Amino acid sequence: MSETGIKFTCERTTIEATPFAGFAQLNAYRQRLREIGFIGIDAKGIGFGNLSIRQGETNAFHITGSATGGKLKLSPGDYARVTACDFEKNWLRCEGAVASSESLTHAAIYEADADAGAVIHGHNLGLWSALTGNVPTISDVVEYGTPEMAREVQHLFRTSDVRNTKLFMMAGHREGLVSFGKDLKDAFAVLMRTKAEVTGGRG
C-alpha cells in the first residue's frame, strides 16, 4: 500500500511552487504526525500517510504529494492543489505535485461534510487492530485510493455516526485510519484522544 500506487487518472498542471495559505500549518502538523509515526516511511522504503486542508469554502484542497512520506520537511512544491474530481470516472485535476494516492478519499470527505476543513490519513497498527469494526469502518474488500473507497466513505456519512467520531478505519488497508475536523488542530486532537483511550495514556 504505497503512496506511489496512484490508481486514478490525474490531469495535472505544473505551476510555480510558492507558499499558500495554510502551508506552515500543514508542515507543522505533518512534522508532529511524523514524530509519532502516523506518517513516514516503512522498512521497504515506501512512504505512508498524508494530510490536507480545504481551500476556503470550496471543495478544492491542498494535500501532500505522492511519495513524500519519507521526507523530513516539505517545500511548497511537495504539495498538490486538487481542484476537481469525478469518483465515477476515477479522475481528478490537480496543480503542483502529483496528488497523494488517497486524494479521492479526502475529496469524498470534503464533499460529504461541509464542516470538514482538514483530513489526516495515518497509519497505526495498534489503533487499527483495536478499533477496526468498533468504530465506523470501511469494508476489507475495498482497496485504498479507488472510486470504491470514495463511495464507501460517503456511504459511512449516510449510515454511521462518523460525523461525531470524526474517525474511521480502513479494514482493507492494514494500519490505515482517517480523522478529520474543522481544521488540522481538530483532526489531530481526534487522533491523540483516540490514541490515549486505546493505550490508556501509554506511548
Side-chain angles (χ1 to χ4, degrees), residues 1-12 14-15 17 19 23-53 61-82 85 90 92 94-109 118-132 138 140-150 153 167-180 184 187-188 191-192 194-195 198-199 203:
M1 300 294 185
S2 140
E3 277 200 334
T4 60
I6 302 296
K7 298 181 179 180
F8 51 75
T9 299
C10 180
E11 182 181 315
R12 175 174 168 249
T14 302
I15 60 172
F23 168 72
Q25 186 184 46
L26 270 169
N27 265 1
Y29 275 97
R30 181 182 177 276
Q31 183 61 33
R32 297 176 71 177
L33 290 162
R34 276 182 52 85
E35 289 171 356
I36 58 176
F38 280 80
I39 287 177
I41 190 166
D42 65 19
K44 296 180 180 179
I46 297 173
F48 61 85
N50 42 73
L51 66 164
S52 69
I53 54 171
F61 56 95
H62 292 279
I63 188 169
T64 45
S66 177
T68 58
K71 292 189 175 184
L72 182 61
K73 293 183 179 181
L74 300 188
S75 69
D78 291 313
Y79 286 93
R81 176 174 174 261
V82 176
C85 67
N90 197 23
L92 68 77
C94 72
E95 300 170 349
V98 176
S100 166
S101 59
E102 287 288 0
S103 292
L104 290 180
T105 302
H106 290 242
I109 294 170
V119 177
I120 295 171
H121 166 56
H123 283 206
N124 185 283
L125 182 57
L127 297 190
W128 184 82
S129 299
L131 297 176
T132 295
I138 301 293
D140 61 3
V141 302
V142 178
E143 294 186 17
Y144 81 101
T146 61
E148 290 75 23
M149 177 66 76
V153 167
L167 177 78
F168 62 88
M169 301 292 125
M170 298 170 155
H173 183 18
R174 182 175 172 80
E175 301 188 16
L177 52 88
V178 173
S179 71
F180 58 93
L184 281 171
F188 184 79
L191 288 182
M192 294 303 94
T194 304
K195 186 171 181 284
V198 170
T199 65

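Bear in mind the structure is a predicted one, so any value in this text is a computation, not a measurement. Atoms considered below: every heavy atom in the structure, side chains included; atoms not considered: hydrogens, waters and symmetry mates.
In the model, T146 has no side-chain atom that pairs as donor or acceptor with a side-chain atom of E143 under 3.5 Å. With no hydrogens or angles considered, no side-chain donor-acceptor pair links H123 and D42 at under 3.5 Å.
T68 places a side-chain N or O within donor-acceptor distance of the main-chain N or O of G65, the cut-off being under 3.5 Å. In terms of modelled atom types and a separation under 3.5 Å, the side chain of S129 and the main chain of G126 share no donor-acceptor contact. In this structure, R34 contributes its side chain and G69 its backbone to a donor-acceptor pair below 3.5 Å.
Nearest heavy atom pair, residue L167 against residue F180, reads N-CE2, 4.0 Å. Of all heavy-atom pairs between W128 and M170, the closest is NE1-O, 2.8 Å. Contact detail for H106 and N50: the closest heavy-atom pair is NE2-OD1, 2.7 Å. Taking every heavy atom of both residues into account, V98 and R12 meet most closely at N-NE, 3.6 Å. Scanning both residues, S103 and I63, for their nearest heavy atoms gives OG-CD1, 3.7 Å. Nearest heavy atom pair, residue C94 against residue A97, reads SG-O, 3.7 Å.
Atom CZ of residue F48 and atom CZ of residue R174 lie 12.5 Å apart, to the nearest 0.5 angstrom. Distance check, rounded to the nearest 0.5 Å: CZ of F8 to SG of C85 gives 10.0 Å. In this structure, CZ on F188 lies 8.0 Å from CZ on F38, to the nearest 0.5 angstrom. With values rounded to the nearest 0.5 angstrom, L26 atom CG is found 5.0 Å from L51 atom CG. With rounding to the nearest 0.5 angstrom, the NE2 atom of H121 is 7.0 Å from the OG atom of S100. Here M169 contributes atom CE and I138 contributes atom CD1; the two are 11.0 Å apart, rounded to the nearest 0.5 Å.
The one candidate from L131, T194, L191 that meets the side-chain contact (heavy atoms from CB on, under 4.5 Å) condition with L177 is L191.
Every side chain to side chain contact (heavy atoms under 4.5 Å, CB included) that D140 has, sequence neighbours left out, goes to A171.
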Counting only pairs under 3.5 Å, give me each side-chain donor-acceptor contact of residues 71-80, with atom names and distances, residues two or more places apart or in other chains.
from, atom 1, to, atom 2, distance (Å)
K71, NZ, D78, OD1, 2.7
S75, OG, G77, N, 3.3
S75, OG, D78, OD2, 3.2
D78, OD2, S75, N, 2.8
Y79, OH, N27, OD1, 2.5

